[in-house]
Each structure stands twice: as C-alpha cells, then as structure tokens.
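The block underneath contains the structure these notes are about, expressed in structure tokens.
First the proteins, then the strands, lettered A, B, ... as listed; each starts at 1.
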2 protein chains.
Amino acid sequence: MIAKMVLERVMQVAAHLTNSAVKVAHPFDPLNEAEIAKAVSIVRKEHQELFFNAVTLWEPRKAEMMAWLAAPETAMRPHRVADVVCIGKGSKVYDGVVDLTENKIISWELTDGVQPLISMEDLQIVETVVRKDPKVIEQCGIIGIPPEDMHKVYCDPWTVGYDERFGNKVRLQQALMYYRPHIDDSQYTYPLDFCPIFNADTHEIIHIDIPKVRRPLNTAPPSNYHAAAIQAEGGFRTDLKPISITQPEGVSFKVTGREISWVNWKLHVGFNYREGIVLNNITFTDKGVERPVFWRMSLAEMVVPYGNPEHPHQRKHAFDLGEYGGGYMTNSLALGCDCKGAIHYMDADFVNRAGNPTSIKKAICIHEEDAGILFKHTDFRDDSVTVTRARKLIVSHVFTAANYEYCVYWQFHLDGTIQLEIKLTGILNTYAMNPGEDTLGWGTEVYPGVNAHNHQHLFCLRLDPNVDGPNNTILQVDAERGEGEVGSATNPYGNAFYAKKTKLETPETSKCDYNGSTSRTWDIANESKLNPYSKKPVSYKLVSREVPSLLPREGSLVWKRAGFARHAVHVTKYSDAQIHPAGRHVPQTSGEPSAGLPAWIEEDPKANIVNTDVVLWHTFGLTHFPAPEDYPVMPAEPMTVMLRPRNFFERNPCLDIPPSYSSSPSGKGTVKAADSTSKLV
Amino acid sequence: MIAKMVLERVMQVAAHLTNSAVKVAHPFDPLNEAEIAKAVSIVRKEHQELFFNAVTLWEPRKAEMMAWLAAPETAMRPHRVADVVCIGKGSKVYDGVVDLTENKIISWELTDGVQPLISMEDLQIVETVVRKDPKVIEQCGIIGIPPEDMHKVYCDPWTVGYDERFGNKVRLQQALMYYRPHIDDSQYTYPLDFCPIFNADTHEIIHIDIPKVRRPLNTAPPSNYHAAAIQAEGGFRTDLKPISITQPEGVSFKVTGREISWVNWKLHVGFNYREGIVLNNITFTDKGVERPVFWRMSLAEMVVPYGNPEHPHQRKHAFDLGEYGGGYMTNSLALGCDCKGAIHYMDADFVNRAGNPTSIKKAICIHEEDAGILFKHTDFRDDSVTVTRARKLIVSHVFTAANYEYCVYWQFHLDGTIQLEIKLTGILNTYAMNPGEDTLGWGTEVYPGVNAHNHQHLFCLRLDPNVDGPNNTILQVDAERGEGEVGSATNPYGNAFYAKKTKLETPETSKCDYNGSTSRTWDIANESKLNPYSKKPVSYKLVSREVPSLLPREGSLVWKRAGFARHAVHVTKYSDAQIHPAGRHVPQTSGEPSAGLPAWIEEDPKANIVNTDVVLWHTFGLTHFPAPEDYPVMPAEPMTVMLRPRNFFERNPCLDIPPSYSSSPSGKGTVKAADSTSKLV
Ligand SMILES: [Co+2]
Ligand SMILES: [Co+2]
C-alpha cells in the first residue's frame with residue numbers, strides 16, 4: 001500500500017515534469033507570441049521607425065539540429081533565433097537575425113533592390129486610397145460609375161509582379177478593380193477594365209493602366225452564393241441527412257507540444273508565414289526501430305500564371321507563397337465546418353506591421369479519418385478472407401489568396417505512404433468584357449460580361465529527404481519496353497518491360513520533365529542500404545500525375561521569375577539557406593538573373609548529388625480553363641502527390657493493424673471485429 | 001373529417017401500387033433468380049446435356065429503350081430477354097437468345113473456334129485433377145515435393161490466354177502451381193516452376209511447360225498475414241481507437257427497385273457476370289429539369305500483361321473481365337468490414353454450371369460519405385465567409401481475380417462530377433526463383449525465393465454518353481502555348497496559352513494516346529447545345545491521369561488480343577452489339593484478327609462520329625513494379641478517373657447545398673449550421 005502510494009506520487013511528479021517540459025519550445029517550434037515580442041523589442045532598441053514585415057523562426061541549422069536530436073542530453077540545444085524582415089521609409093528593406101537565447105542581434109542588413117512580401121495589412125490599405133484617387137474616380141466615371149458611388153468600388157491588390165517601367169526600388173501593388181452594386185454582391189461579377197498602380201511607400205496611385213478598348217461596367221444582375229441570395233431564390237435543399245463522425249474513445253494520435261505520434265508515424269508540425277505548414281523529422285517505426293524518412297517537407301512556392309496576352313495581364317502571375325505568404329493568409333478554422341470529427345487544432349503566431357504579436361486561432365487542423373479498405377484478400381478455393389480497414393492522419397490548413405482558396409492536406413497512411421492533397425476552391429479571378437466580345441480563347445465568359453482568364457496553378461513541393469539517413473540519391477524511373485522486336489532473342493514474345501532508372505548526378509543534369517506515357521516517377525533512394533530481399537536500395541517513390549508544362553514561353557517574365565516551374569524536378573545539394581525556390585524576397589524580382597533555384601544550380605552546376613544530402617524540388621499543379629460551373633464560387637478541385645515506400649520495408653508494414661474480419665483455411669484464429677455502428681438501410 | 005379519411009385511403013392505395021410496381025422488373029434490371037430459372041427451362045426443353053456458362057440480361061436495344069423511357073405509358077415495354085452461353089461436350093459453344101416475355105428461343109447457334117469465360121466452378125475443378133496427375137506428381141518430385149505431399153499442392157488456374165501449340169478448339173486452362181507447407185500458409189511464397197495445361201473438356205493434363213533452368217521448392221519460412229500468424233508474432237496493435245460513422249436520421253438517397261435518386265442524381269444500377277456494375281440512364285436534375293448525362297457506363301474489359309520474356313510467362317496476361325467475369329468473381333460484402341456507415345446492399349443473381357440460379361448476397365454496396373470541403377471563400381477585407389461541406393454517393397463492388405482484389409467505386413459528387421476509383425489489393429502473382437538468381441529487371445524478389453514479375457493493370461472504361469441527348473462529339477483537349485515567341489505581335493509577353501481542341505471525326509482517326517505534359521483531356525460535347533454564357537458546347541470532360549502506354553510491343557500477343565489497350569481513347573459509332581472491346585468470347589483468342597474494338601473500327605473506319613450517337617472507350621491503369629511492401633498482401637493502391645461537367649451548367653450546380661457556415665458583408669442572413677457531433681480534442 002505504501003509502495004503503491006509512493007509509485008503514484010512519483011508518477012504525478014513525472015507527469016508534472018513532462019507537462020512543464022512541453023512549455024519549453026522545441027527547436028523546430030515556430031516562434032510563439034512571447035518570442036516574437038522579444039525579438040521586436042531587441043530590434044526596437046537599435047532600429048526605430050520600421051514596419052515589421054516578418055518575424056519568424058530562423059530554423060536551426062541541420063547539422064546542429066541533427067546532433068542535438070541524436071543526443072539531446074549532451075549536445076548543445078539549438079538557440080531560439082528570429083529571422084526578421086523590416087521595411088523603412090523609402091521602401092528600404094532590412095534583413096536581420098536575432099538570437100533570442102542570447103538576446104542580441106546577430107546580423108542586420110539593408111538589402112537593396114528587393115521587396116518583401118505583401119502582408120494582409122499591406123493589402124487592406126490600397127482600397128481606401130484607390131477610392132479617393134481623382135484619376136481612379138475619373139476612370140470609374142468613364143466606364144459608368146458616378147463619383148458618389150466610389151464606396152461601391154473595391155480592389156484586390158496584387159503585388160505588381162514585375163513591371164519594367166517601375167523596376168523594384170519602389171514597393172508597388174497593382175489594384176485589380178471591382179464594383180459591388182450592393183455590399184453583399186460578389187464583386188467578381190463586376191470587374192473594372194483599368195488597373196491602378198499603388199506606391200506602398202507613399203500611399204499614392206502612381207499610374208493607371210488603361211486598355212485601348214474600353215469595357216463599361218457590367219450590367220448583368222448579381223451572381224451570388226451567400227445564404228441570403230440562395231434563400232431569395234428558393235432556399236437550400238432539405239434532403240441531405242446528417243452524417244456523424246465520432247471517436248467515442250478518443251483519438252489514436254498523441255500530441256506533445258507540436259510533435260505528433262500516430263501508429264508508426266512521428267513528426268513535428270511547424271508553421272511559418274511563407275510556407276504555412278512545415279513538417280520536420282518525419283519518421284516511421286519499423287519493427288521497433290524509428291527510421292527517418294523526411295527531414296523537412298513543405299510547399300515552398302507557387303506561381304499562378306494567367307494566359308491572356310493583352311497588356312497588362314502578363315503581370316497576373318501570383319507567387320502566392322513568396323509574394324503574400326501561405327501562413328499569413330491562413331484561415332482560422334471552424335469545428336464542424338472546415339473540419340469534421342475529433343479535431344485537434346494548433347494556432348499560428350505572427351508579427352503585425354506595428355511589431356505586435358498576433359495569432360490566428362485554429363490555423364492547423366489535425367485529425368484522423370477512416371480511409372476505406374487497407375487490404376483484402378479472399379482465397380477463391382476455401383473462402384478464407386481477411387479484410388482490414390485503412391485510416392489516415394491529416395494535418396491541414398486553408399489559405400485565402402484574394403479570390404482563391406487553397407486547402408492543403410498532408411496525409412499519413414498506415415502503409416508508409418505520405419500524400420499531399422490540395423483542393424482548389426474560392427472564386428475565379430475575373431476581367432471585364434464587352435457584350436458580344438470574343439475571348440479569343442484566352443478566357444471563358446463564365447457569366448454575362450465576366451471573362452475568367454486561362455491560368456495555371458503550379459506548386460513547388462520542397463522535399464528534404466532523410467531516407468534512412470541524409471545521404472540520398474534521386475533516380476528518374478520510366479516504364480520501358482524490353483529491347484528487341486517480337487521474335488528477337490531478347491524479347492521473343494515482345495512482352496518484356498522493366499523499370500528504367502536514370503540516376504540524377506549533378507544539379508544541371510537533374511532537370512527532369514514529366515512523361516505520363518512512361519508513368520514516370522522518381523525514386524528517393526539510400527544507395528548505402530539495400531532491401532535484404534529485393535537487393536534494391538531502400539527508397540521512397542515520388543508519384544505525381546498532375547504535372548503540366550509551364551506554359552509561359554522560355555524568356556517570358558514568368559519563365560524568368562519562376563525558375564522552379566521550368567521542370568517537374570530539380571535536385572540540389574542541401575544548403576541551410578536554400579528554402580525559397582523563387583528567392584527570399586519575391587515581389588518585383590525581374591528574373592534577370594533568376595533568383596532561387598536557377599541561381600543555386602548555376603553556382604555549382606556540377607556538384608555531386610549522388611549519395612549525399614540532397615533536396616528534391618517538385619513542381620506540379622494544373623492548368624485551369626474556366627467554365628461557368630466554376631462560378632460564382634468554385635466546387636473544390638482536388639490534386640494529389642504521393643510519396644510511397646518502395647523497397648523500404650521488408651514487407652507490408654501494416655499487417656499488425658487489427659482486421660475487421662479474418663478467417664484462415666483451417667478455421668483457426670478467426671477474428672470477427674466488424675465495426676458495430678454501421679447499419680443496414 | 002370525411003375528406004381527410006378519403007385522402008388517407010387514396011394515399012394508402014397509391015403506396016400499395018407503388019410497392020407492387022417495384023416488383024415488376026425494370027427493363028435494365030439484371031435477370032432475377034426466377035427469370036434465370038425460366039430461361040434455363042426454356043433452353044432445356046430443346047437442348048439437354050449442356051453446361052451453362054452464362055444466363056444474363058440481353059439488354060434492351062437502345063432505340064426501343066429510349067422510346068419506352070420517353071413514354072412508358074404508350075410505348076412498348078421492352079421484353080425481358082436472356083443472353084445464354086452454353087458449353088457442350090467436345091468444347092462446343094452455343095450462343096442463344098431467349099425471350100422470357102414470349103417464352104421462346106429467338107436464336108441458338110453453335111459458335112465455332114471460341115471459348116467462353118472460365119467460371120469459378122471451372123476454376124475449382126483444376127486443382128483436384130492436377131494433384132492426381134502422374135506427370136505433375138513427377139514434376140513435383142523433381143523440385144522436392146514427395147508424392148505423399150500432393151495435398152499440399154495448389155494451383156491458380158488461369159485461362160491459357162493463347163498458346164499457338166494448342167489453338168482454340170479445345171477449352172484450356174494453365175495451372176499456375178503453388179505449395180502450402182501448412183494449410184494456413186500463403187501458397188504465393190511457394191510457387192512451383194512448371195506449368196501444366198488442363199483440358200477443361202476431358203479434365204486431363206495435356207501438357208506441362210517445364211523451364212530449362214529448374215527452381216526447387218522455396219525453403220524460406222512462410223510469410224503470412226492471417227490473424228493467427230500475426231498473433232503468433234506479437235499480435236495486433238491496440239492503439240487505434242474506433243471511428244464511428246452514422247446517419248442517425250437515415251440516408252439521403254432513395255432506392256426504388258434498382259433505381260437510385262440522390263440529391264440531383266438519378267441512375268439505374270445494373271450488374272452482370274462480365275462487367276460487374278453497369279450504370280444506366282444517369283441524369284442530373286438542373287433547375288427542375290432532368291438532364292441526361294450518360295446512357296451507360298461500365299468497366300468493359302481489363303488486361304494484366306506480365307513483362308517477363310521467359311517462356312511461358314508471355315501467356316500471363318489476364319483479361320479479368322472477359323476471361324473470368326468481374327461479376328462472377330464478386331465478393332459478398334460484410335457490413336462494418338468492407339463497408340462502413342449506413343449501407344444499402346444489392347444482391348447479384350447468376351446461373352451455375354448445372355443451370356440453377358445462384359446468388360451472391362450483398363454484392364453491391366451503396367452508401368454516402370462526407371467528402372470534405374465542397375466550396376469555401378473568405379473575403380479578406382470583411383471576413384465574410386461561406387463554407388459548405390461535400391459528400392458523395394458511392395456504388396461499389398469488390399472482385400477477386402485469383403490472387404488480386406479489385407475494389408471498384410463509382411462515385412457521384414454534388415458538383416456533377418462522376419468519379420471512378422479503383423483500388424488494387426490482394427496478392428502479387430509470384431514465380432519461383434533460385435537462391436541468388438538475378439531477376440534481370442523483369443521482376444522483384446519480394447521475399448526470399450519469390451519473384452513477382454512486372455505487370456500492368458489496364459482497364460477499359462466504356463462510356464456511352466448522353467450529354468443532353470445521344471448525339472455527342474468527342475474532342476481531344478491540350479493545353480498549348482499561344483503562337484509567337486516573346487516579343488511577337490501575337491504573344492508580346494510570351495504568356496499566352498489556350499485549350500487546343502481537336503475534334504475526333506472518324507473511328508480510325510479517333511485513336512488518341514495520352515500526353516501528361518499538355519494535361520490532355522477529352523471533351524464529350526453536345527455541339528447542338530451551347531452554354532448560354534460561354535457559348536461553348538455543353539460537355540463532360542474525361543480527366544484521367546494514370547494512363548500508361550501498353551508496354552507489350554506492337555505485334556505481340558497482348559497487343560493483338562487487347563486491341564483496346566493500344567490507345568488511351570478510341571471512339572466508335574454506337575452499336576447495340578458492341579459491348580466487349582476484346583470480343584464476346586475472350587479466352588483463347590489469337591488476336592488474328594483482333595476481336596472487338598479493332599474489328600469494329602476496321603468495319604467502318606471512316607464512319608461519322610461527329611454529333612451522333614458515339615461510344616468512348618478509355619484505357620487507363622498502372623504499371624506495377626513489385627516491391628517487398630506489396631507482400632504478403634498488398635496495401636490498397638488507388639487510381640482514379642473523373643468525368644467533370646464543363647460548360648454543362650450555367651453556374652456551380654451545388655449552391656443550394658446547405659452551408660455549414662455563411663456570413664455576408666452586411667451581416668444579413670448568417671447561417672450557423674456546424675455539425676454538432678464534431679469535437680475538439
Ligand atoms: Co484556377
Ligand atoms: Co499489380
């Protein structure tokens with residue numbers, strides 16, 4: 001009895017210590033509000049009168065972090081360090097690094113000729129300025145909006161992209177103009193035909209691009225999707241019965257700080273203002289051994305080029321992550337709306353323009369889902385059968401890039417597969433058109449007077465692999481016919497085929513395009529470790545099937561600025577500083593020379609990328625030719641990328657998942673564990 | 001009061017009539033057990049001593065059926081007709097048509113030089129014969145199996161495919177040989193190296209293919225996945241908490257006979273022994289008008305070619321539907337195992353060899369699922385937001401083709417999208433290998449002594465479109481760059497791109513391959529009806545991204561026999577008789593000439609397929625290079641094809657789906673309808 005009480009007391013103390021330990025930030029954790037405030041105060045001591053563009057985790061250097069993870073008791077714990085971007089008067093940009101452990105600024109530089117991303121606050125300012133600008137008021141008058149209706153004028157401010165007339169010394173935005181007849185009407189039905197250029201430093205409109213052919217304000221009735229509009233036209237359907245998804249005994253994952261463990265998976269969930277979710281140190285426990293799989297994984301960049309050649313639409317090519325920030329634009333999610341089931345949320349903390357910490361509550365959703373049949377087999381001769389259900393763990397966020405919504409789902413499967421699913425929803429970017437005007441094939445009239453231009457959504461997935469260690473090799477894999485025609489000695493029946501593997505040996509020769517007809521994939525292999533059965537290197541395979549070519553031509557502005565999108569795959573030797581494939585500061589880059597990935601490759605084109613620490617950059621996405629069913633709000637369009645273990649395990653790694661039913665030929669050991677809440681109807 | 005009683009009585013009578021009406025078979029309904037028995041008895045009167053291979057619905061001719069659907073009160077109701085295949089002594093095959101409405105045989109023919117599919121009963125017979133055959137016993141002895149262990153010898157009988165030595169006058173099977181040390185051990189770990197040929201007419205082994213290099217019986221320990229094996233090695237995980245999916249108020253779909261209506265969708269669910277699920281007369285109600293979309297949709301054929309050039313592996317290329325029957329091999333599903341939630345099942349009725357009706361209970365699963373976010377948009381300036389959840393209706397079955405399982409999910413989405421998802425699971429086909437033997441790249445050693453050969457799974461989706469009527473046109477659509485280099489007058493900024501559409505005008509020129517880099521899709525358009533906004537023809541777009549080339553070479557056996565698989569798309573003019581793209585009877589076809597699709601195209605290569613009744617044949621699938629993680633049972637691998645409405649609707653067709661949350665800028669009409677069963681954890 002005494003012994004039991006002592007044990008209980010020891011366990012209480014241990015639990016208390018564990019809880020306290022959680023409060024200490026993990027080196028991968030994003031900066032919390034207190035840390036952001038501290039970074040700002042350290043900066044403020046030396047540099048006043050600056051706006052804060054970003055205060056984010058300066059991630060621990062990989063070597064240092066790997067050493068600490070290997071021996072957390074003895075190795076030096078990586079310092080907490082802030083990566084700071086500030087903007088001063090005259091569009092001056094400062095890049096700083098602040099050590100929060102030592103309370104000091106490590107570096108502080110005035111960076112010339114760059115423009116950091118446009119924050120939500122930057123965006124909010126433009127509309128007010130536009131409405132009061134006399135030249136904008138004049139243009140509105142020309143297309144049919146009287147001065148007293150200027151409060152009905154709206155704009156989606158985009159970065160200017162790059163405009164050779166204005167360069168990159170001044171921080172600019174282009175205002176894509178719209179109108180709302182009533183405050184509740186979707187402005188995308190009423191695009192205006194001109195485009196003011198806003199100086200973010202002086203808060204002035206410095207130019208207006210006016211098309212040669214004018215297009216007066218659309219006269220079509222509103223096209224809305226908000227509840228009152230649907231109620232007014234007959235209301236919502238009443239024939240959908242509720243579907244309830246519950247976990248009465250709780251969830252199967254465990255969250256410690258920002259580390260998640262679920263079945264065999266372990267990972268750390270980071271988040272930053274640029275990439276949004278960052279997954280670190282992803283491991284899979286295989287027969288009791290925790291095997292590393294990926295060191296870091298994120299969506300590192302995007303570009304959305306539009307395909308209308310008419311000036312100034314060439315400027316429409318949003319780098320949504322680099323120019324606006326997938327983290328900054330992240331939605332605060334709602335239980336039972338965005339997320340269904342048993343949900344764990346994480347918040348996201350940022351700095352605002354004034355230097356105060358702000359927080360997006362429920363920015364990241366973590367939950368598990370049933371995923372149908374995991375595996376099944378019936379023996380036809382004796383009807384013995386095993387059927388086991390699958391589930392997956394999903395880490396997700398949703399961000400709103402002006403008109404569009406991107407829903408990002410990182411999914412972990414029981415069989416060792418990692419899947420990134422992205423759903424596109426939200427509203428098409430629209431432009432004005434005259435009645436009867438021909439879109440010339442560059443767009444679609446999705447509603448009377450509304451031209452939605454052709455565009456691509458191209459995402460750059462940054463994969464920092466750690467397949468049984470950091471030294472990995474990337475191979476392009478194509479399904480190829482065996483040599484020899486029908487009747488030849490090597491291929492007598494003509495049926496031979498095999499997986500042709502091409503090793504990527506240097507950054508300059510690593511540029512691969514997609515080939516759908518050979519079912520092209522890429523192996524991320526550890527050549528130092530062979531699967532004992534297949535004798536092939538342990539690997540993860542990148543399987544990605546939505547891989548359009550970059551359609552802007554070689555030498556075009558997008559081609560120059562979005563170097564990462566020129567090929568489906570690029571491989572570089574790992575470098576701590578190489579995170580953003582279109583450059584650290586993306587707005588107003590000219591692409592001469594191309595920042596980010598092309599520059600890194602050019603620095604050392606013949607570097608060895610075989611059996612060393614490498615990064616794989618994969619660009620995928622889709623080409624979107626709009627149609628009326630995308631309007632006035634677009635049903636979600638999914639796209640997916642998978643990373644599948646191949647020759648990584650000695651066998652199916654999920655044989656120990658309890659079956660729903662299993663019987664053997666002998667009848668021995670039958671398991672009947674059908675889910676008891678399912679019902680016949 | 002009297003009025004109310006009268007009304008109630010009228011309603012009772014009406015309900016009674018409706019229930020009775022359901023009992024009368026819909027012309028699309030598969031033959032039920034009574035009808036099968038009737039067909040057999042009609043045949044038996046004139047033809048005795050035959051085995052029954054198939055008694056299935058002879059589907060109503062399209063013209064007749066369309067007329068009846070348009071005017072069920074006045075047009076002639078299509079007769080119930082049976083399509084009968086019988087086998088007599090001497091491998092004689094009879095094809096018959098029996099009118100069940102008029103109780104008579106309409107046609108009866110002895111068909112020469114064909115072999116109908118191998119039924120489950122045909123398969124079951126071979127193992128017994130093989131075990132007793134002296135030459136098989138001798139071969140077993142050579143590789144290390146003593147005669148007293150012949151009860152441990154198993155075989156998966158496959159159709160012979162085609163073997164030039166034996167032709168197609170005699171009904172043959174090839175026996176892929178295996179061994180089980182213990183009755184509960186998976187035989188796929190112990191493949192035998194020789195291959196007996198079985199005569200299904202005489203029940204004799206007529207030949208044994210023996211490889212030049214012998215491979216003795218595998219000595220590796222068993223690799224099993226049944227429950228007792230997992231229990232013996234440490235048991236199942238206990239850390240997965242239950243997920244319950246319930247519909248406390250019932251389901252949202254309605255089943256009347258075999259017709260389903262769900263939200264705006266209506267369709268008829270048929271089923272036959274070859275294709276399994278057949279979906280007929282699929283319509284979508286748009287603003288109160290029921291618009292036809294597809295007349296008939298099914299998986300019509302498959303081929304699984306293996307890529308090892310060593311004799312006799314060229315014979316391994318299963319046409320799982322045409323040679324065995326996706327319906328015949330269908331699993332009886334289990335609630336809470338294969339299917340989760342609120343489930344409606346349908347049975348499947350067939351004839352057996354002896355001519356008696358048999359039934360697979362719970363062959364088809366019908367249910368609805370939550371499907372994440374349907375659409376969402378947040379206005380960044382005022383935080384007004386609408387988020388609406390999606391769901392889908394799924395009609396599915398699972399069939400077991402010897403070692404493999406195919407799970408087929410026909411999914412209907414709220415936005416008008418139809419998605420076919422197929423999951424592959426089950427067990428790899430395996431072959432023997434010697435210790436240290438090199439697979440030469442034609443296969444993978446997935447477990448010691450177990451060689452799993454490279455193979456493809458190619459499915460042929462038969463789409464009989466009815467996009468606002470039967471007269472449709474197919475166009476190939478490629479994302480293409482605009483003409484002119486950067487700086488040109490037509491493309492000054494080099495950013496122009498558009499959807500290039502190529503109209504398929506004749507069967508011979510309709511053969512399209514896949515192109516991943518242009519994001520190639522195919523429009524199924526009704527050129528007589530333009531979308532009022534986009535002025536483009538109403539259409540459904542075929543979006544399919546898993547489209548490998550057929551890897552067996554031109555002129556090879558598979559290339560000749562599986563003509564449908566040579567191209568991603570073929571288009572033919574509709575003909576009632578053209579259902580099976582590799583021919584009506586597939587086993588032992590030589591491919592000289594190619595049956596099915598190539599023959600039909602050759603018959604009238606220049607037929608007009610523009611704005612007429614057409615059929616689109618789409619071959620998709622995947623190339624499978626096995627790995628140890630696929631063994632001893634394979635985690636399900638998904639693949640998907642989508643049919644999406646484009647320019648079909650005037651706007652997003654699901655705006656009337658109740659939102660989870662909706663607020664407007666003015667605050668008017670806010671809807672808060674978050675699912676109340678979701679929980680924070
Ligand atoms: Co889009
Ligand atoms: Co396979």
Side-chain angles (χ1 to χ4, degrees), chain A residues 184 226-228 236 240-241 244 246 249 252 307 309 314 336-337 342 370 375 377-378 387 400 415 425-426 441 479 486 493-499 516-517 519 533 545 548-549 551-553 555-556 623 625 627-629 633 635 646 649 658 660-662 664-665 669 671 674-675 677-678 681, chain B residues 183-184 226-228 236 241 243-244 246 249 252 307 309 314 336-337 342 375 377-378 387 400 415 425-426 441 479 486 493-499 516-517 519 533 545 548-549 551-553 555-556 623 625 627-629 633 635 646 649 658 660-662 664-665 669 671 674-675 677-678 681:
Chain A
D184 285 344
H226 58 74
F236 293 105
L240 286 165
K241 303 289 196 294
S244 300
T246 56
E249 298 176 23
S252 319
Q314 84 284 355
C337 301
D370 178 83
F375 52 80
H377 183 61
T378 305
V387 54
T400 300
D415 68 354
T425 175
V486 176
Y493 301 96
N495 68 313
F497 57 88
Y498 69 107
S517 68
S519 306
Y533 300 156
R545 299 293 177 225
S549 299
L551 290 174
R553 284 180 182 270
S556 68
T623 303
F625 299 112
E629 29 279 272
V633 64
R646 300 308 276 168
F649 297 112
S660 295
Y661 184 84
S662 181
S664 64
V671 170
D675 142 36
T677 56
S678 289
V681 296
Chain B
I183 189 174
D184 284 345
H226 58 73
F236 293 105
K241 304 289 196 295
I243 298 176
S244 300
T246 56
E249 299 176 22
S252 317
Q314 84 284 356
C337 302
F375 52 79
H377 183 61
T378 304
V387 54
T400 300
D415 68 354
T425 176
V486 176
Y493 301 97
N495 68 314
F497 56 88
Y498 69 105
S517 67
S519 305
Y533 300 156
R545 300 291 177 226
S549 298
L551 291 173
R553 284 181 181 269
S556 69
T623 302
F625 298 113
E629 30 277 273
V633 64
R646 299 308 276 168
F649 297 113
S660 296
Y661 184 84
S662 181
S664 64
V671 170
D675 143 34
T677 56
S678 289
V681 295

Fill in the blank from the handout: In short, Tyr493(A) meets Pro309(B) closest at the heavy-atom pair CD1-O, 3.9 Å
Completion exercise
Closest heavy-atom pair, Glu629(A) versus Phe649(B), reported as atoms and distance to 0.1 Å, is OE1-N, 3.0 Å
Practice task
Between chain A and each of Thr246(B), Thr400(B), Val387(B), Thr677(B), count heavy-atom pairs under 4.5 Å; write down the option with the most.
Solution key: Thr246(B)
Completion exercise
Assert top hit (heavy-atom pairs under 4.5 Å, partner chain A, pool Ala479(B), Gly555(B), Ala228(B)) equals Ala479(B)
Handout entry: Partner chain A: residue of Gly336(B), Gly669(B), Gly516(B) with the largest heavy-atom pair count (under 4.5 Å)
Key = Gly336(B)
Problem - Contact summary for Phe497(B) and Phe625(A), nearest pair of heavy atoms - result: CD1-CE2, 4.3 Å
Fill in the blank from the handout: From the list Val486(B), Val681(B), Thr425(B), the residue making the most non-hydrogen contacts under 4.5 Å with chain A is Val681(B)
Fill in the blank from the handout: Of all heavy-atom pairs linking Asn495(A) and Gln314(B), the shortest is ND2-CA, 3.6 Å
Problem - Proximity breakdown for Ser664(B) and chain A, heavy-atom pairs closer than 4.5 Å - result: both
Practice task
Could you have a look at Asp184(B), Ile183(B), Asp415(B) and say which one has the most heavy-atom pairs with chain A under 4.5 angstrom?
Solution key: Asp184(B)
Exercise for the section: Output the option from Arg646(B), His226(B), Arg545(B) having the highest count of non-hydrogen pairs under 4.5 Å with chain A. Expected result: Arg646(B)
Exercise for the section: Under 4.5 Å heavy-atom distance to chain B, tell me which part of Thr378(A) shows up: side chain, backbone, both or neither. Expected result: both
Handout entry: Heavy-atom closest contact (Asp370(A) atom, Ile243(B) atom, distance)
Key = N-CD1, 3.6 Å
